[in-house]
Amino acid sequence: MRRTLRLWAGAFVVLTAGAALAAPTPADAPAGGNEYYPLKDKSKWTYKTGDQTVEVEVVGTDKDGTKLDTKVNGKTVASEVISVKADGVYRVAVKGDKIDPPIKILALPVKKDDAWKVDSKVGSQAVKGEFKVKGDAEKVKVPAGEFDAVFVDGADFDIAGTKTAIRYYFAKGKGVVKLVYEIQGTKSELELKEFAEGK
């Protein structure tokens with residue numbers, strides 16, 4: 001399980017989870033964020049994966065977006081910066097490293113069958129693949145409840161030479177409610193237990 005968590009943490013920070021954007025954003029950012037990313041300062045998502053607990057919390061902003069910390073069983077394992085623009089939600093930095101170019105994790109406005117390629121670098125590590133909106137009202141049940149979610153599929157990613165599959169489920173008013181990931185043949189799920197919206 002620890003090996004799985006270590007593998008998961010790296011991919012999670014590069015391409016997954018997500019939380020909020022509170023203040024300074026690019027000029028084309030929608031005011032207040034997006035309904036699939038409820039964006040308020042101090043918002044916190046608590047997830048379950050196996051017998052572990054993962055928390056993602058908004059901890060501040062900088063010129064590029066909002067800083068999020070990811071904690072596993074109460075210990076901070078990573079940080080990232082998220083930015084919301086008119087055309088999508090982007091991951092722009094991880095552990096202090098800029099992502100060049102930023103990785104779009106959700107296209108806005110949401111439209112079934114939309115697809116976009118990813119060809120980026122995080123430091124010296126390459127991230128390549130494609131995301132596709134497979135459904136815009138997928139039924140998903142997690143500990144936090146049952147939701148109609150946007151299903152974004154990244155079935156064939158290459159992260160620093162490691163084959164990885166990533167499947168996001170975004171729900172209105174909650175953000176990421178479920179994440180299914182497979183790294184080096186090890187498949188795991190991250191499911192929302194609780195969402196505490198900030199102010």
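This structure is a prediction, so every number in the text was calculated from the model and none was measured.
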Step by step, would you call E197 with K40 a salt bridge (charged side-chain N to carboxylate O under 4.0 Å, His left out)?
-> CA-CA 7 Å; E197 190 170 15; K40 292 185 180 177; 3.7 Å; yes
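- Expressed to the nearest 0.5 Å, how far CD1 of I82 lies from CG of L68 amounts to 5.5 Å.
- Within the 4.5 Å cutoff, no side-chain heavy atoms of K67 are placed close to those of E80.
- In this structure, V176 and L192 have side chains that are not in contact, with every pair of non-hydrogen atoms separated by 4.5 Å or more.
- Considering only residues two or more places apart in sequence or on other chains, F147 meets the ring-ring contact (aromatic ring centres under 6.0 Å, His included) condition with none of them.
- Contact check for V180 versus K178: side-chain heavy atoms found under the 4.5 Å cut-off.
- Considering only heavy atoms from C-beta on, D62 comes within 4.5 Å of V81 through its side chain.
- In this structure K132 satisfies the salt bridge (charged side-chain N to carboxylate O under 4.0 Å, His left out) test with no other residue, sequence neighbours excluded.
- Using a 4.5 Å heavy-atom cutoff, the side chains of V58 and W45 are in contact.
- From T53, atom OG1 reaches atom CD of E194 across 11.0 Å, with rounding to the nearest 0.5 Å.
- Here the OG1-CG distance, from T164 to D156, works out to 9.5 Å after rounding to the nearest 0.5 Å.
- Applying the side chain to side chain donor-acceptor pair (under 3.5 Å) rule to K98 yields the partners D64; only residues at least two apart in sequence or on another chain are considered.
- At distances below 3.5 Å, at least one donor-acceptor pair connects side-chain atoms of S43 with backbone N or O atoms of G198.
- Separation of atoms OG (S188) and CD1 (I183) is listed at 7.5 Å; rounding is to 0.5 Å.
- By the salt bridge (charged side-chain N to carboxylate O under 4.0 Å, His left out) test, K174 pairs with no residue at all, sequence neighbours left out.
- Proximity of a side-chain donor or acceptor of D69 to a complementary backbone N or O of T76 within less than 3.5 Å is not detected.
- In this structure, K48 does not pair ionically with E191, as no charged nitrogen and carboxylate oxygen lie closer than 4.0 Å.
- Residues that satisfy the side chain to side chain contact (heavy atoms under 4.5 Å, CB included) test with E182, not counting sequence neighbours, are A165, K187.
- Under the 4.5 Å side-chain criterion, counting only non-hydrogen atoms from C-beta, T49 is not in contact with E189.
- Scanning for ring-ring contact (aromatic ring centres under 6.0 Å, His included) contacts around Y90 gives an empty result, with sequence neighbours left out.
- Taking the side chain as every heavy atom from C-beta outward, Y36 and K172 approach each other to under 4.5 Å.
- By the salt bridge (charged side-chain N to carboxylate O under 4.0 Å, His left out) test, D97 is found to be paired with no residue, residues two or more places apart in sequence or in another chain being considered.
- D158 approaches K163 most closely through the heavy-atom pair OD2-NZ, 3.8 Å.
- Residues meeting the ring-ring contact (aromatic ring centres under 6.0 Å, His included) test with Y169, sequence neighbours left out: F151.
- Looking at every heavy atom in both residues, K71 comes nearest to E57 through NZ-OE1, 4.4 Å.
- For the residue pair T70 and Y47, no side-chain donor N or O sits within less than 3.5 Å of a side-chain acceptor on the partner.
- Across every non-hydrogen atom of V177 and V142, the tightest pair is O-CG1, 3.5 Å.
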Using atom types as modelled, flag every donor-acceptor pair under 3.5 Å from a side chain in residues 102-120 to any protein atom, sequence neighbours excluded.
unit_1 : atom_1 : unit_2 : atom_2 : d
W116   : NE1    : K104   : O      : 2.8
K117   : NZ     : E130   : OE1    : 3.2
S120   : OG     : P101   : O      : 2.7

Run the side-chain donor-acceptor check on residues 133-140: report pairs under 3.5 Å with partners two or more places apart or on a different chain.
unit_1 : atom_1 : unit_2 : atom_2 : d
K134   : NZ     : D153   : OD2    : 3.3
K139   : NZ     : D148   : OD1    : 2.8

Taking it one step at a time, do K199 and K42 satisfy side-chain contact (heavy atoms from CB on, under 4.5 Å)?
-> CA-CA 7 Å; K199 296 180 179 181; K42 303 299 181 189; over 6 Å; no
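- Linking Ile, Leu, Val, Met, Phe, Trp and Tyr residues whenever their side-chain heavy atoms come within less than 4.5 Å places V77 and V94 in a single cluster.
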